[in-house]
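For the single chain, residues carry numbers from 1 onward in sequence order.
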Amino acid sequence: MIRYRRPRQDDTVIYDLIEKQLVPLSHLPQTIINQIRKDLPRRLGQGVTLVACPDYESDPVGFVHFMLHGDLLYIDMLAITPAAKRKRYGNMLMDRAERFALSRACHRAKVSVDTGNTAALAFYEKLGYSVARYQPQNYCYELEKQFR
């Protein structure tokens, strides 16, 4: 099931997912990663965070954090526990984020994927995203999708 983030219940799991699933894939310098860590509470307070869990009261097995900027849905972070991968949680989270954005007149979406994260590139491409550009300063690909 997909539900909204409950900070007291979910944030420990979300921070752990960021540390174990996202940080190791980053090519950013350690000083920038440390600043991002400090900024996480404020960052999660902006936008929307949805979590995937087996049932309503369970701890999350994954999350998506996104923001809306005018007609743009920006997928900020998506992570799933290794045990829950390939069980459609990522698809469900992305579907819910995109439907949320569509209901608020968004017409396009954007996500950044770290260089070397071929699994994420394949995942987003299956969802209809395509590489728009490479950002060498951040070592990541920017993918975009237009909504119908």
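Minimum heavy-atom separation, Leu68 to Ala101: CD2-CB, 3.8 Å. In terms of heavy-atom proximity, Asp71 sits nearest to Ala105 at CB-O, 3.8 Å. The two atoms that bring Ile75 and Val64 nearest to each other are CG2-CG2, 4.0 Å, heavy atoms only. Considering every non-hydrogen atom in both Ser58 and Arg3, the closest pair reads O-NH2, 3.0 Å. Taking both residues in full, the closest heavy atoms of His65 and Gln46 are given as CE1-O, 2.6 Å, listed atom of the first, atom of the second, then distance. For the residue pair Val51 and Pro60, the shortest heavy atom distance occurs at CB-CB, 3.8 Å.
Distance check: Tyr4 OH to Asp10 CG gives 14.0 Å after rounding to the nearest 0.5 Å. The line from CG of Leu143 to CZ of Arg133 is 10.0 Å long, rounded to the nearest 0.5 Å. With rounding to the nearest 0.5 Å, the separation of CD in Glu19 from CG in Leu40 is 8.0 Å. Atoms CD and OH, on Glu144 and Tyr74 in that order, are 11.5 Å from each other to the nearest 0.5 Å. One finds the CZ atom of Phe123 at 5.5 Å from the CG atom of Leu78 (value rounded to the nearest 0.5 Å).
Connection of Met77 to Val13 is established within a shared hydrophobic cluster, with ILVMFWY side chains joined at heavy-atom distances below 4.5 Å, either directly or through further cluster members. Criterion: ILVMFWY side-chain heavy atoms under 4.5 Å apart, direct or through other members. Under it, Leu50 and Met67 are not part of a common hydrophobic cluster. Clustering ILVMFWY residues whenever any of their side-chain heavy atoms sit less than 4.5 angstrom apart, transitively, puts Ile33 in the very cluster that holds Tyr15. Tyr56 is not connected to Leu93 by any chain of hydrophobic side-chain contacts under 4.5 Å among Ile, Leu, Val, Met, Phe, Trp and Tyr, and they are in different clusters. At a threshold of 4.5 Å between side-chain heavy atoms, the hydrophobic network of Ile, Leu, Val, Met, Phe, Trp and Tyr places Leu44 and Val48 in two separate groups.
With sequence neighbours excluded, the residues that form a side-chain contact (heavy atoms from CB on, under 4.5 Å) with Met92 are Ile2, Tyr89. Residues passing the side chain to side chain donor-acceptor pair (under 3.5 Å) test with Arg5, sequence neighbours excluded: Asp11.
Counting only heavy atoms from C-beta outward, the side chains of Met94 and Lys145 never approach each other to under 4.5 Å. Side-chain contact between Tyr124 and Val113 is present, with at least one heavy-atom pair separated by less than 4.5 Å. In this structure the side chain of Arg37 never reaches within 4.5 angstrom of the side chain of Ile18, judged on heavy atoms. Side-chain contact between Cys106 and Glu98 is absent, with no heavy-atom pair separated by less than 4.5 Å. Between Leu17 and Leu22 the shortest side-chain heavy-atom distance does not fall below 4.5 Å.
When each of Arg43, Arg42, Gln35 is checked for a side chain to side chain donor-acceptor pair (under 3.5 Å) with Asp39, only Arg42 meets the rule.
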Show, in sequence, the C-alpha distance, side-chain angles and deciding distance for Val111 and Tyr141, and conclude whether the side-chain contact (heavy atoms from CB on, under 4.5 Å) test is met. CA-CA 8 Å; Val111 64; Tyr141 294 95; over 6 Å; no
Checking Val131 against Glu125 for the side-chain contact (heavy atoms from CB on, under 4.5 Å) test, could you report, in this order, the C-alpha distance in whole Å, the side-chain angles of both residues, the deciding distance, and whether it holds? CA-CA 8 Å; Val131 175; Glu125 286 174 345; 4.0 Å; yes
Is there a side-chain contact (heavy atoms from CB on, under 4.5 Å) between Lys87 and Ile80? Walk through the geometry before answering. CA-CA 10 Å; Lys87 295 186 178 169; Ile80 308 293; over 6 Å; no
Go through the steps to decide whether Leu28 and Ile36 satisfy the test side-chain contact (heavy atoms from CB on, under 4.5 Å), and finish with yes or no. CA-CA 10 Å; Leu28 295 173; Ile36 290 169; 3.9 Å; yes
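The cationic atom of Arg96 (NZ for Lys, CZ for Arg) does not lie both less than 6.0 Å from the six-membered ring centre of Phe100 and within 45° of the ring axis.
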Distance-only donor-acceptor pairs under 3.5 Å for side chains of residues 114-122, two or more places apart:
unit_1	atom_1	unit_2	atom_2	d
Thr115	OG1	Tyr134	OH	3.1
Thr115	OG1	Tyr139	O	2.9
Asn117	OD1	Ala120	N	3.2

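Within 6.0 Å of atom CZ in Arg6, more than 12 heavy atoms from other residues, nucleotides or ligands are found, so the atom counts as buried in its surroundings. At most 12 heavy atoms of other shown residues, nucleotides or ligands fall within 6.0 angstrom of atom CZ in Arg86.
Put simply, the side chain of Gln9 gets close to the backbone of Glu57: a donor and an acceptor are under 3.5 Å apart.
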